[in-house]
Amino acid sequence: MTLRPGGSKTPRRAMIPSRVRGDLSEAVSEAIEGLWGFAVSEVGLSAPPNERFGDVSCQVAMRLSGELGMPPREVAEALAAELGGRIPAVAAVTVDGPGFINFTFQRGYLTRVSSSLAREEFSSLLPDDGGGRVALVEYVSSNPTGPLNVGHCRQAVLGEAISRLLEAVGWRVKREYYFNDSGRQMELLGESIAARYLEKVGGPSSLEMPEKGYRGDYVRRWAAELASEKGDGLVWPDDSELFVSYGRERAMRRIREDLALLEITFDCYFPESDLLEEDVPRAIDQLGGTGPGSEDLVYEDPEEEGKLWLRLRELGRPADRVIRRSDGTYTYRMPDIAYHLNKFERGYDLIVDVFGSDHLDTSRDVRAALSALLGNDEVQRRLRVVIHQFVTLVRAGRKVKMSTRAANFVTMRDLVEEVGSVDVTRYLFLTRRSEAHMDFDLDLAVEQSEENPVYYVQYAHARIAGIVRKAVEEGVTDRDVDPEGLPELLDGEHERRLMRLLEVLPHRVAQSAELLEPHRITEMLADLATAFHGFYQNVRVIDSSRPKLSAARLLLCKACRNSIRGMLGILNVDSPDTM
RNA sequence: GCGCCCGUAGCUCAGCUGGACAGAGCAGCGGACUUCUAAUCCGCAGGUCACAGGUUCGAAUCCUGUCGGGCGUACCA
């Protein structure tokens, strides 16, 4: 929080829209308790659909009506009478419709919020929900078997936006990428590279591409690079280790390059192999001792020595699963559990997993095992899983079926290049909620790149930058604006609409952080850009013959600019001053 | 078969976690630049919120069933 010269904190608690609503709902609760002597956990505030219903709505009267045996309107009237004139920032309390209690903000409160936004960062009006606590966000976590594809791109963009959203409301965020650096998939990649390598160098030995091998062009390229680095003397299977490790390093480097394209960097790349020595055996021990009483959660297969099962049925899951094969290697589920246990033990207050829908089932198993180990409440409180559905790529009106192994997939890099802009790619992926299926129409994305939702928002920002430049030229400044005079100066229809919106946006951003739903930000940006463009079309800002009015309007423009910039920043999209 | 997600305008999708008359963008039609950027604005048209029941003051939202699509249902990750 920044300090003003006088030492007083600004913005004051009462200026933060989420806090104002918190106080409001507290006042309603107290009024209920005062009138009828019982407490209500949630009074249900929402934004009314129309300006004539005020700025904040409360539905509690309708919910209480049954319990109190009173018509909802009477409940509302009683509460409104109790609340009138008592709540800071609220000018009027009315009852409308079936029993809504509607609150209208003081004009002075709205102009103060706008002034704050004009002079400070957007984030200063967000509540400090995180309070400096540390959150760990895991996303992408694609295994190093090839370049990132379109699905990874959605997840990367989503995970990064969630991270930034959490940071915006006061969390310290660690970004982590978990990957499997050993096991069957890595062997397959090594073998696939070996097959292409031997094919290329044409030596005495040869190797057929495995049936489930990786057939992408990149495997050929990497094989060729390997040949030029190490010569043509490598043989299979003697050099299998080398093929595998070369593939892994090469894939990891490519993935980092792909992520760099989206400006994503992780604090930690966590290899599965780090868990195999200690964490996994320890987790198995712990699970073994955590049975619901009669039996241990881990049991040995009666027919195969050394094979271990996890009794997931006992934990409410549909089926028991093998966690260790008889040869002593683990199935993917077991390191996953150990990895999550490791994350919990590292002490993060919030652990967010961003996964594709194909990981849902595993994720549920992991959660069940963790609940057995740490207690359901603990897991419920600290672990949140965001599932996103797959992206269907549409090209020339036809769906493109994709698979990494079969090589008929579009890479993230191809996608960004074809769309022509990282910002547009990011933004388009964030216009849908994560659990919705998504058709990404390439032709449309390219074709629309000139008439795009992103540009619509960025254009509003650039227009404001133009106004600010003009203001400097004309010698108009908002420095000496008298706060007391603002409500009168900013009384037009468009100004009021803008200020109402500016006031509620920080609250809506805080809500979207709470819900881990960054797509709401794109909605808000569109709302704000629309309101600003409407204002711009109808209201002349810089008029040197009316300095006070110009200054007030300039202030409002800057509030819009900072809000747009702040929200675009959460999506990591650029805010250009010219277009 | 079973589990999870989804089904809203011609197309792609929102709908603030049960509230006030169902929204936006694109596509279509008609208007607005002598101005701080027209990458903009205004208007028109477009809907049985997949379907059928149920819960209640009130349902696109919650429950059940049906139909349709996706993902999973591995000792692959």
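Throughout, a chain's letter reflects where its sequence line sits, starting with A, and its residues are numbered from 1. Nothing here was measured: the structure is a model prediction, and the numbers come from that model.
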[N] versus [M] - spacing of their [atom1] atoms, nearest Å:
{"N": "B:rG18", "M": "B:rU40", "atom1": "C1'", "answer": "38 Å"}
{"N": "B:rU66", "M": "B:rG72", "atom1": "P", "answer": "23 Å"}
{"N": "B:rU8", "M": "B:rU48", "atom1": "C1'", "answer": "12 Å"}
{"N": "B:rG46", "M": "B:rG54", "atom1": "C1'", "answer": "32 Å"}
{"N": "B:rU56", "M": "B:rU61", "atom1": "C1'", "answer": "14 Å"}
{"N": "B:rA27", "M": "B:rG15", "atom1": "P", "answer": "23 Å"}
{"N": "B:rC33", "M": "B:rA22", "atom1": "P", "answer": "35 Å"}
{"N": "B:rG25", "M": "B:rC44", "atom1": "P", "answer": "13 Å"}

Interatomic distance where [atom1] belongs to [X] and [atom2] belongs to [N] [whole Å]:
{"X": "A:F53", "N": "B:rC21", "atom1": "CZ", "atom2": "C1'", "result": "9 Å"}
{"X": "A:L45", "N": "B:rA20", "atom1": "CG", "atom2": "C1'", "result": "16 Å"}
{"X": "A:R321", "N": "B:rG72", "atom1": "CZ", "atom2": "P", "result": "13 Å"}
{"X": "A:N452", "N": "B:rA27", "atom1": "CG", "atom2": "C1'", "result": "15 Å"}
{"X": "A:Y427", "N": "B:rA14", "atom1": "OH", "atom2": "C1'", "result": "12 Å"}

Using a cut-off of 4.0 Å on non-hydrogen atoms, how would the nucleic acid contact of [X] be classed: base, sugar-phosphate, or nothing?
{"X": "A:P318", "result": "nothing"}
{"X": "A:F440", "result": "nothing"}
{"X": "A:P48", "result": "base"}
{"X": "A:L515", "result": "base"}
{"X": "A:S46", "result": "nothing"}
{"X": "A:Q59", "result": "base"}
{"X": "A:I542", "result": "base"}
{"X": "A:R520", "result": "sugar-phosphate"}
{"X": "A:T578", "result": "base"}
{"X": "A:V539", "result": "base"}
{"X": "A:D365", "result": "nothing"}
{"X": "A:A47", "result": "base"}

### Query
How about A:R546: does its CZ atom have over 12 heavy atoms from other parts shown lying under 6.0 Å from it?
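No, CZ of A:R546 has 12 or fewer neighbouring heavy atoms, counting only those of other groups under 6.0 Å.
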Tell me the partner of [N], counting only Watson-Crick (N1-N3 plus N6-O4 or O6-N4) or G-U wobble (N1-O2 and O6-N3) with both under 3.5 Å; none if nothing fits.
{"N": "B:rA60", "value": "none"}
{"N": "B:rU17", "value": "none"}
{"N": "B:rA22", "value": "none"}
{"N": "B:rC4", "value": "B:rG70"}
{"N": "B:rG28", "value": "B:rC44"}
{"N": "B:rA39", "value": "none"}
{"N": "B:rG65", "value": "B:rC51"}
{"N": "B:rU34", "value": "none"}

### Task
Go through A:R553 and A:D478 one step at a time and tell me if the salt bridge (Lys or Arg N to Asp or Glu O under 4.0 Å) criterion holds.
CA-CA 9 Å; A:R553 288 175 173 170; A:D478 59 311; over 6 Å; no
Compare all side-chain heavy atoms of [X] with those of [Y] and state whether any distance is below 4.5 angstrom.
{"X": "A:S192", "Y": "A:R215", "result": "no"}
{"X": "A:M567", "Y": "A:L505", "result": "yes"}
{"X": "A:F440", "Y": "A:L428", "result": "yes"}
{"X": "A:V504", "Y": "A:P17", "result": "no"}
{"X": "A:Q59", "Y": "A:F100", "result": "yes"}

What's the closest nucleotide to the [X] side chain, out of [options]?
{"X": "A:R540", "options": "B:rG69, B:rA77, B:rU35", "value": "B:rU35"}
{"X": "A:Q185", "options": "B:rA77, B:rA14, B:rC36", "value": "B:rA77"}
{"X": "A:D358", "options": "B:rG72, B:rG19, B:rC36", "value": "B:rG72"}
{"X": "A:H437", "options": "B:rA77, B:rG72, B:rG70", "value": "B:rG70"}
{"X": "A:R364", "options": "B:rA77, B:rC4, B:rA20", "value": "B:rC4"}

### Query
Does B:rU17 adopt a syn or an anti glycosidic conformation, taking syn as a chi angle within 90° of 0?
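Syn conformation for B:rU17.
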### Task
With syn defined as a glycosidic angle within 90° of 0 and anti as everything else, classify B:rC41.
anti
### Message
Using the ring centroid of each side chain, check whether A:Y339 and A:Y178 are separated by less than 6.0 Å.
### Response
yes
### Query
How about A:F532 and A:H461: are their ring centroids closer than 6.0 Å?
no
### Query
For RNA chain B, which residues in residues 528-538 of chain A have a heavy atom at a distance below 4.0 Å?
A:H533, A:Y536, A:Q537
### Summary
Walking RNA chain B from its 5' end, the first of A:W309 and A:S57 to be reached, judged by nearest nucleotide, is A:S57
### A:D301 or A:A462, whichever maps to the more 5' nucleotide of RNA chain B
A:A462
### Query
Does A:F100 lie flat on the base of B:rA20, that is, centres under 5.5 Å apart and planes under 30° off?
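Here A:F100 meets both the 5.5 Å and the 30° conditions.
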### Task
Kindly confirm whether the side-chain ring of A:F390 is stacked on the base of B:rG70, judged by centres under 5.5 Å and planes under 30°.
no
Does OP1 or OP2 of [N] have a side-chain N or O of [X] closer than 4.0 Å?
{"X": "A:R433", "N": "B:rA14", "value": "yes"}
{"X": "A:R463", "N": "B:rA38", "value": "yes"}
{"X": "A:H359", "N": "B:rC4", "value": "no"}
{"X": "A:Y456", "N": "B:rC41", "value": "yes"}

### Task
Answer with yes or no whether the side chains of A:Q458 and A:Y427 bring together a donor and an acceptor at under 3.5 Å.
no
### Task
Indicate, yes or no, whether a donor-acceptor pair under 3.5 Å links the base of B:rA77 to the side chain of A:Y332.
yes
### Message
When you measure only distances, ignoring hydrogens and angles, does the side chain of A:N102 come within 3.5 Å of the base of B:rA20 through a donor and an acceptor?
### Response
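Flag set: donor-acceptor pair detected.
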### Query
Under 30°, 30 to 60°, or over 60°: which ring-plane class applies to A:H340 and A:F355, parallel, tilted or perpendicular?
perpendicular
### Member of A:I542, A:I464, A:D577 meeting the side-chain contact (heavy atoms from CB on, under 4.5 Å) criterion with A:R469
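Only match with A:R469 under side-chain contact (heavy atoms from CB on, under 4.5 Å): A:D577.
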